[in-house]
Q: 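Right, I'll just put the structure down here and ask away after.
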Amino acid sequence: MRPDQPLTRSSLDPATLLEVPASAQAAEALQRRWAGQVLASDDLGPVTTVAGVDVAYHESSGELVAAAVLLDAPSLTVLEEVTLRDHARFPYVPGLFSFRECPPVARAVQGLSRRPDLIVCDGHGVAHPRRFGLACHLGLALNIPTIGCGKTRLTGEDTVPGLPRGEWTPLLDGPEVLGAALRTQSGVRPVYVSVGHRVSLPTALAWVLRLSPRYRLPETTRAADRLVRRALAEVSHA
DNA sequence: GCGACAG
DNA sequence: ATCTTGTCGC
């Protein structure tokens, strides 16, 4: 017996994770089921490339624009960019965010010529009401280590971390640690970091800090945001 | 009933 | 998310 290996792991079909639920109730049931598959410990090799992902909504056409950017890990240089257009299959509902973003974002990542060693998501991981935010969903769908990095809190209680860069406080739901409020720039509002998949919280904190040497948000998030904005503007002009 | 509510 | 003015702190 190998009690350290979940027996249900082989039953997880990546395509199933990108299906569109028929209702919010069905979506929540899927989240509760999938949350048990999230690996909150380090299962990643040498990180040479880090990807950032983002989505924007084009209101007049009802289309989504998804972007994936691949960065070189030590230099934070942009190596590759992918954008694509897709239709929205699910409305934006707080707590069910990933059912809207995951399908196009997963395709954008698969459009890269290399699989990233790590992905930083613009949204939470396990810092979620059912412990299954976008970062968990994407990490499981692609079986790639992911980190959740949100600009604002969705759930949990946090205290204000110290002002110097690198200070952090736990994001708590009672005794349970959901993530952390991390000060990426001295005196600037913290970001919310949580485990996505196959990454521990200390590793996630270290990476988000490393990826944010100059600005509040990680360079992965900034690069993906720039790209998706540019692509959205091109859709509007057409 | 009221507030809170990733993007 | 997006839009936008005024205010505060360093």
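Below, read A as the first sequence line, B as the second, and so on, with proteins coming before strands; counting in each chain starts at 1.
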Q: Salt bridge check, A:Glu234 against A:Arg230: does any charged N sit closer than 4.0 Å to a carboxylate O?
A: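 Salt bridge: no.
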Q: Considering every strand and a 4.0 Å limit on heavy-atom distances, what is the contact class for A:Gly95: base, sugar-phosphate, or nothing?
A: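 Base: the residue A:Gly95, judged by heavy atoms under 4.0 Å, touches a nucleobase.
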Q: For C:dA1 and A:Arg100 - does any side-chain N or O of the residue sit under 4.0 Å from the phosphate oxygens OP1/OP2?
A: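 Looking at the OP1 and OP2 atoms of C:dA1, neither is under 4.0 Å from any side-chain N or O of A:Arg100.
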Q: Looking across every strand, which nucleic acid part, if any, lies under 4.0 Å from A:Gly150 by heavy atom: base, sugar-phosphate, or nothing?
A: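 It contacts sugar-phosphate atoms only.
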Q: Look at the side chain of A:His137 and the backbone N and O of A:Leu17, then say whether any donor-acceptor pair between them is shorter than 3.5 Å.
A: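 The answer is yes, because a donor-acceptor pair under 3.5 Å joins these two groups.
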Q: May I ask you to decide if A:Arg165's main-chain N or O and A:Ser186's side chain share a donor-acceptor pair within less than 3.5 Å?
A: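 Yes; judged by distance alone, with no hydrogens or angles, the pair exists.
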Q: Kindly state which residues belonging to residues 174-194 of chain A come within less than 4.0 angstrom of DNA chain B, counting heavy atoms of the residue only, listed by number.
A: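 Nothing qualifies; none.
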Q: From the 5' end of DNA chain B to its 3' end, which nucleotides mark the outer limits of contact with chain A, defined by a 4.0 Å heavy-atom distance cut-off (strictly under)?
A: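 Going 5' to 3' along DNA chain B, contacts run B:dC5 to B:dG7.
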Q: Just call it for A:Leu64: base, sugar-phosphate, or nothing, with non-hydrogen atoms closer than 4.0 Å on any strand.
A: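 A:Leu64: no heavy atom of the nucleic acid under 4.0 Å.
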Q: Output yes when a side-chain donor or acceptor of A:Glu80 lies under 3.5 Å from a complementary backbone atom of A:Ser113, and no otherwise.
A: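 Such a contact is found between A:Glu80 side chain and A:Ser113 backbone.
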Q: Whether the side chain of A:Gln31 engages the backbone of A:Gly95 through a donor-acceptor N/O pair (distance < 3.5 Å, no angle test) should be reported.
A: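 Yes, because the side chain of A:Gln31 sits within donor-acceptor range (under 3.5 Å) of the backbone of A:Gly95.
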Q: Ignoring hydrogens, what is the shortest heavy-atom contact between A:Ala66 and A:Val105? Give both atom names and the distance.
A: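 That would be CB-N, 4.1 Å.
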Q: Checking A:Asp122 side chain against A:Thr221 main chain: does a donor-acceptor pair fall under 3.5 Å?
A: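 No, because the side chain of A:Asp122 does not come within donor-acceptor range (under 3.5 Å) of the backbone of A:Thr221.
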Q: Between A:Glu167 and A:Arg183, is there a salt bridge with N-O shorter than 4.0 Å?
A: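 No, no charged N to carboxylate O under 4.0 Å.
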Q: Would you indicate what A:Tyr57 reaches in the nucleic acid, counting non-hydrogen atoms under 4.0 angstrom: base, sugar-phosphate, or nothing?
A: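 Result for A:Tyr57 = nothing.
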